[in-house]
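No hydrogens, no waters, no symmetry mates; every other heavy atom, side chains included, goes into these values. Note that the coordinates shown come from a computational prediction; the quantities given were computed from them, not determined experimentally. Order of the sequence lines sets the chain letters (A, B, ...), proteins ahead of strands, with each chain counted from 1.
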Amino acid sequence: MNMREFATFEERLSAWTTDTMQTVFGLEESSVKLGVSPTQNETFGDYQCNAAMELAKVLKKAPRQIAQEFSDAAKLPDFVEKIEIAGPGFINFFLSNAALAEHIQSLENDSHLGVEQAGQGKTVVIDYSSPNVAKPMHIGHIRSTVIGNAIDRLYRFLGYNVVADNHLGDWGTQFGLMMVGFRSFVDEEALAEAPVEELERVYIASYNKSKEDPTWRDEAKKELVKLQQGDAENLALWKQFIELSIKEFDTIYDRLDVKFDLYRGESFYNEQLPKMIETLEGRGLAVESDGALIVDLEEDGMPVCIVRKSDGGYNYATTDLATVQSRIEEFDPERIIYVTDERQQLHFRQFFTIAKKLGMDANLVHVWFGLMRLPEATFSTREGNVIKLAALLDEAEARALEMVKSSSPDMPKEQQKELARAIGIGAIKYTDLSQNPQSLVTFTWEKALNMEGNSAPYLQYAYARISSVYDKFHAKYPDAELSQYPIIIEHELERRIAIKLSRFPAAVRAAAENYRPNIMADYLYDLAQIYSSFYQNVPFLKADEGIRESRIRLCRATAATLRKGLDLLGIETPERI
RNA sequence: GCCCCGGUAGCUCAGCUGGAUAGAGCAACGGACUUCUAAUCCGUAGGUCCCAGGUUCGAAUCCUGGCCGGGGCGCCA
């Protein structure tokens, strides 16, 4: 067994049980899982091994007998206090308090809190947020942005070289309508005030006019062709649309603390499209059908995929293929992750399949999430029930400010505002991140702005309380050298915190591997709950010397974990609330 | 018609790589602030895990078939 320095108890124990099982029962490589998993109920111990039940058939023995023979033959690792056989044949392991204490102490000096740098030397491209130019971001965009960003942060923390790319929708037929619309009825004043909103208004007006006025429609088409052919004037206007849009998107990203490495819109890959078509044709993958060029995916159980329209224009499948090609050549990624809503599943399955047929060598992953809808209906611009992202953030900050004002009336105004920002934005993010991404989500203001119970402010509050305790400790005992007092695990709540802290790496890994930040959110909420109970029921500063310092150290370890975990979700941890 | 998701407490949701008594928050009820921050804690109550079969020592979790709800299915992205 060659274990790295900060291997988790679960890893060490699993390696040991696997090894021991194989030796005791003379097992070769078998399909039976011989490792351990965390128990769901702490009265059963800390980890359990379920192999005895599964081995019953293979070994032709009763499960409990297998468990007993294992237990009799085994020489327990030093970090295990005792082992118990229960129920039909569960083998339960109880970690020793001393080993737990020592483990938590060792984490104090590890900036990665026991998390292995599994991504060293590997690159992953994450494509997320990706709003359309000239359309304001609304609450439908928040999921891709917030979930994508959390995945981004998780992978960076695991040591991956992450390329976060905002694949803007900056190319397409809508720009013809934009051009003619803009020239005819843009309101300069409105444009200066809220650029993207005005651009959207212009687009809608132009679109509506095109439906009744064929001349207008033709005009739009003409301008689109001019743009595509590189007409200087149209190109300049188009660039203006993009600049205005990005500028406004960036104010949202700043508020959300989301940063991209690249802003490469679809237009970036434009010149590569004809070559992509050539490749597809050359490989015999693309064939003509009804004037369009398609890839037949019937044998893959999917409908055909159009790669060139009958008017000669390209679609998104082509762009996406060119994008993959380009990313592979430039970054050589081990994986490319796309974060979009569920409606695009078929599209991704199609172009992933084509990419594979073309021999593109990267692991393509589509992380999709359920659509957001209102209790009474789905969102639609036509219904006018779209909630702008900026408005949502404003509301969250305003509501948080009310709470800050009432709970900290003496705090300077500026500080109150700053605090309200961190809390309000945190609450919004957490709401999205704490749910299974694939669930359908119903938007309610009440839920989005929840600041009690399972919410970001609850976690932030727990963190702030620790900071406060820590400060008071130092004020009261300015000369105390914490490192001279060992961590002592005695109280049940101390033990529960220690166990939970030791499982942070598993939570990080599971969240990253499954592309599900809610696993991290769940973990943190659990930890904060245990801590809150600890805080409320066990004295720290009033405890005797030794116990006092030990508990402060546990607090500090908890704070470090909460802070890092929340950071992985993109949520700030103010020192005071 | 075909494909993908969801259906768990009054409401909003976790849990779904099978494990031993199904969990939170909100709402309800009852307690705890001269104490380390009550955005908190402690407790009570609340469940045909959509239905019916199947696999298994063991199913909310896996399989099949239904029923509801959402989404997608050739020139939008």
Side-chain angles (χ1 to χ4, degrees), chain A residues 33 37 39-41 43-44 48 50 53-54 56-57 62-63 86-90 92 130 132 169 171-174 266 289-294 301-311 313-317 319-320 340-347 349-350 368-371 373 375 378 400 403-404 406-408 423 431 434-436 438-442 444 446-447 450-462 464-473 476 510 513-514 518-519 521-522 525-526 529 532-543 551-552 555 576-577:
Chain A
K33 190 184 141 206
S37 51
T39 56
Q40 283 182 4
N41 185 329
T43 62
F44 297 138
Q48 65 184 68
N50 302 333
M53 275 89 74
E54 293 185 61
K57 255 192 193 145
F90 295 107
N92 295 330
S130 310
N132 286 324
W171 199 249
T173 48
Q174 75 270 29
E266 292 157 2
S289 166
D290 292 341
L293 199 65
I294 61 158
M302 280 177 274
V304 298
C305 178
I306 296 178
V307 290
R308 193 180 63 203
K309 299 185 279 186
S310 48
D311 69 0
Y314 305 106
N315 325 40
Y316 56 124
T319 310
D320 278 333
T340 81
D341 73 57
E342 61 181 327
R343 289 175 301 187
Q344 302 197 35
Q345 283 178 92
L346 178 59
H347 163 243
R349 269 177 58 214
Q350 287 182 321
W368 57 266
F369 51 85
L371 277 180
R373 56 170 193 180
T378 46
M403 295 188 75
V404 171
S406 69
S407 68
S408 311
I423 293 171
T431 301
S434 61
Q435 309 193 48
N436 184 332
Q438 302 191 338
S439 296
L440 226 100
V441 299
T442 304
T444 60
E446 190 195 355
K447 189 168 61 168
N450 178 31
M451 312 246 171
E452 280 168 9
N454 190 356
S455 67
Y458 177 87
L459 302 179
Q460 291 170 320
Y461 182 67
R465 275 167 142 188
I466 302 178
S467 291
S468 175
V469 166
Y470 195 61
D471 289 351
K472 291 218 160 97
F473 171 78
K476 214 166 161 188
E513 275 170 12
N514 298 297
N518 74 304
I519 294 174
D522 269 0
Y525 180 57
D526 271 359
Q529 267 187 316
S532 296
S533 182
F534 183 46
Y535 178 93
Q536 208 87 19
N537 294 300
V538 177
F540 305 160
L541 299 182
K542 285 184 178 167
R551 287 183 179 158
I552 296 295
C555 283
R576 292 284 174 277
I577 280 190

message = Give me the distance, rounded to whole Å, that separates B:rG54 from B:rG43 when you measure between the C1' atoms they each carry.
response = 43 Å

key: A:Met451 side chain, from C-beta outward: closest of B:rC42, B:rA39, B:rA14   = B:rA39

query = Using the purine O4'-C1'-N9-C4 or pyrimidine O4'-C1'-N1-C2 torsion, is B:rC33 syn (within 90° of 0) or anti?
reply = syn

query = Mind checking what makes side-chain contact (heavy atoms from CB on, under 4.5 Å) contact with A:Gln350, not counting sequence neighbours?
reply = A:Leu297, A:Met302, A:Pro303, A:Cys305, A:Leu346

message = From C-beta outward on A:Glu452, which listed nucleotide comes closest to its side chain: B:rC3, B:rG19, B:rU40?
response = B:rU40

task = Rounded to whole angstrom, note down the C1' distance from B:rC36 over to B:rA20.
result = 38 Å

request  = Please indicate yes or no: is the ring centre of A:Phe44 less than 5.5 Å from the centre of the six-membered base ring of B:rA20, with the two planes inclined by under 30 degrees?
outcome  = yes

ask   = In whole Å, what separates the P atom of B:rC62 from that of B:rG6?
value = 9 Å

key: Side-chain-base donor-acceptor pair under 3.5 Å for A:Ser532 and B:rC41   = no

message = Please determine whether a side-chain nitrogen or oxygen atom of A:Asn454 lies at a distance below 4.0 Å from atom OP1 or OP2 of B:rA14.
response = no

task = Determine the interatomic distance between P on B:rG1 and the same-named atom on B:rG19; round to the nearest Å.
result = 35 Å

Whole-angstrom distance between B:rG46 and B:rC29, as gauged at atom C1' = 11 Å

query = When you compare B:rU8 with B:rC51, how far apart are their P atoms, in angstrom units rounded to a whole number?
reply = 10 Å

key: Donor-acceptor pair (no angle test) under 3.5 Å: A:Asn41 side chain, B:rU21 base   = yes

inquiry  = Starting the side chain at C-beta, find the nucleotide from B:rC36, B:rC42, B:rC13 nearest to A:Phe540.
reply    = B:rC36

inquiry  = Side-chain N or O of A:Lys33 versus OP1/OP2 of B:rU17: is the shortest distance under 4.0 Å?
reply    = no

request  = Searching all strands shown, indicate the nucleotide that pairs with B:rU34 (Watson-Crick or G-U wobble; both distances under 3.5 Å).
outcome  = none

request  = Look at A:Tyr535 and B:rU37 and indicate whether a side-chain polar atom (N or O) is within less than 4.0 Å of OP1 or OP2.
outcome  = yes

message = If you compare every side-chain N and O of A:Thr442 against the phosphate oxygens of B:rC13 (OP1, OP2), does one of them come in below 4.0 Å?
response = yes

ask   = Given B:rA77, is OP1 or OP2 found less than 4.0 Å from the side-chain N or O atoms of A:Tyr316?
value = no

